[in-house]
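Positions are given from 1, in the same order as the sequence printed here. Predicted model only: the values in this text are computed from it and were never measured.
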Amino acid sequence: MASERECFDLSGPLHLTSIDWQNTQHQRSVAACLVQGVYVVERDRQEEREGPQALAPPWWEFFHFKLLRKLVDDVGFSVFGAIYEFKPPPSLCNSPLEGIPRFVIAFRGTLTKNDSVSRDLELDVEVVRNGLHRTSRFEIAMQAVRNMVAAVGDSNVWLAGHSLGSAMAMLAGKTMASNGIFLKSFLFNPPFVSAPIERIKDKRVKHGIRIAGSVITAGLTLAMKAKQQPQQRSHSEENPFTTLSAWFPGLFVNPADDICSEYIGYFEHRKKMQDIGAGAIERLATQNSLGGLLMHAMGKQPAPEPPLHLIPSANLTVNLTPSRDLKEAHGIHQWWRDDLQLQSEVHKYR
């Protein structure tokens, strides 16, 4: 049975009758709706809703996109992503095209329905284990992104994702950025793999924990580098984190959502460390996971791979509008509302 959230006429941003593609609020709303389109495509498939019964098409057709291709997982065959193409009507063809994406590649998050839940949860575990890049779903996603960029150019492609899909889009964006290709990206509620320190109310305690964590992380990083062979060391000195710093994805987070709220503290803490003259410590700490380094130091795992959820630069947007519960704070639906209390800040790694 269809939920109200799946019906565009009941839940979509009907106020957006005309899109100003230079307006960042409009861009955010459209990107979020295209991600919702992927969720509803998969729900249509599960519920066998086809033709006029399908609920997904309005989520992209309202904004003059067409569904070019579905991205299907090779395990379970659920639809986890979509490639959309902008197809304006003749009346809009003479309008300036600046700011309009020709193609958007969008990825959904976890669906807690029988047909897809076990595979989605398996991938959620891979996010926590820092192994998303080794999954076949990510390989399918990455191939789609590479092929699209090769065919139409990086300036014509946007990435968007929510939750697990946001982790996929972030990893795809990081992979492209490491090769000097910076895609405009909308990352809604991306998972941050860490203890929810943001939940601590006492600011001094919270700041103290973060400083201690940074000092230990930086120390373990230096110790690990000192143990490396000279040839390993010269290779690792080409810092991939610095290479990524020219990429500024849009990160959209809610402080009441424990899954992504740690990004707020992650970037704030970096600024505070700079202010107190501990920028050098934080530059090392910000690109490494304390958990991974500790496991390596105790001999529990080989040298840790770079944490997939950490990024050097971002345009961080925080939704300060009160949420009724975690479900609302983590939902994609908040991001196309027009009555949000938002706070945005650009964070650059230096």
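- No side-chain donor-acceptor contact under 3.5 Å links Tyr84 to the backbone of Ile105.
- Between the side chain of Gln143 and the backbone N or O of Glu139, no donor-acceptor pair lies under 3.5 Å.
- Ser178 and Thr243 are not linked by any side-chain donor-acceptor pair at a separation below 3.5 angstrom, with hydrogens and angles left out of the test.
- Below 30°, between 30° and 60°, or above 60°: for Tyr263 and Tyr266 the angle between ring planes is above 60°, a perpendicular geometry.
- Looking only at distances, a side-chain donor or acceptor of Asn179 sits under 3.5 Å from a matching main-chain atom of Thr175.
- Within 6.0 Å of CD on Gln343 lie no more than 12 heavy atoms contributed by other residues, nucleotides or ligands.
- For Arg49 (side chain) and Leu55 (main-chain N/O), no donor-acceptor pair under 3.5 Å exists by modelled atom type.
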Before giving the answer on side chain to side chain contact (heavy atoms under 4.5 Å, CB included), spell out for Met142 and His133 the whole-Å C-alpha distance, their side-chain angles and the decisive distance to 0.1 Å. CA-CA 9 Å; Met142 198 63 238; His133 58 306; over 6 Å; no
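- In this view, Asp339 and Arg337 satisfy the side-chain contact (heavy atoms from CB on, under 4.5 Å) rule, not counting sequence neighbours.
- Partners of Phe62 according to the ring-ring contact (aromatic ring centres under 6.0 Å, His included) rule, which considers only residues two or more places apart in sequence or in another chain, are Phe8.
- Once rounded to the nearest 0.5 Å, the distance linking CG of Leu316 with CZ of Phe248 reads 12.5 Å.
- Checked for salt-bridge contact, Asp74 and Arg137 miss the test: no charged N lies under 4.0 Å from a carboxylate O.
- Taking the six-membered ring where the residue is Trp, His330 and His162 present tilted rings, their angle falling between 30° and 60°.
- Just one residue in the list Trp158, Phe103, Trp21 forms a ring pair (Phe, Tyr, Trp, His ring centres under 6.0 Å) with Phe86, and that residue is Trp21.
- No side-chain heavy atom of Leu308 sits under 4.5 Å from any side-chain heavy atom of Met170.
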Stepwise side chain to side chain donor-acceptor pair (under 3.5 Å) test for Asn319 and Gln341: CA-CA 6 Å; Asn319 181 10; Gln341 190 187 338; over 6 Å; no
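- Residue Trp59 is tested with Trp336, Tyr39, Phe65 for a ring pair (Phe, Tyr, Trp, His ring centres under 6.0 Å); the sole match is Trp336.
- Between the Asn189 side chain and the Ala329 main chain, a donor and an acceptor come within less than 3.5 Å of each other.
- Between Ser185 and Trp247, the closest side-chain pair of non-hydrogen atoms falls below 4.5 Å.
- Taken from OG in Ser344 to CD in Gln25, the straight-line distance is 7.5 Å, to the nearest 0.5 Å.
- In this structure, CD in Gln334 is found 5.0 Å from CG in Asn254, a value given to the nearest 0.5 Å.
- Without hydrogens or angle criteria, Asp73 side chain to Gly76 main chain gives no donor-acceptor distance under 3.5 Å.
- By the criterion of side-chain heavy atoms lying less than 4.5 angstrom apart, applied directly or through intervening Ile, Leu, Val, Met, Phe, Trp or Tyr residues, Val128 is grouped together with Met168 in one hydrophobic cluster.
- Just one of Asp124, Val125, Leu123 meets the side-chain contact (heavy atoms from CB on, under 4.5 Å) condition when paired with Leu132; it is Leu123.
- In this structure a side-chain-to-backbone donor-acceptor pair under 3.5 Å is missing from Ser163 to Gly109.
- Side-chain atoms of Arg108 come within 3.5 Å of backbone N or O of Val79 as a donor-acceptor pair.
- Residues Val75 and Leu111 fall into different hydrophobic clusters, defined by Ile, Leu, Val, Met, Phe, Trp and Tyr side chains chained together at heavy-atom separations under 4.5 Å.
- Following chains of ILVMFWY side-chain contacts shorter than 4.5 Å, one cannot reach Val318 starting from Val346, and the two form parts of different hydrophobic clusters.
- Both Val157 and Leu68 are members of a single hydrophobic cluster when ILVMFWY side chains are connected at heavy-atom separations under 4.5 Å.
- Remark: side-chain polar atoms of Glu47 are not paired, donor with acceptor, to backbone N or O of Glu42 under 3.5 angstrom.
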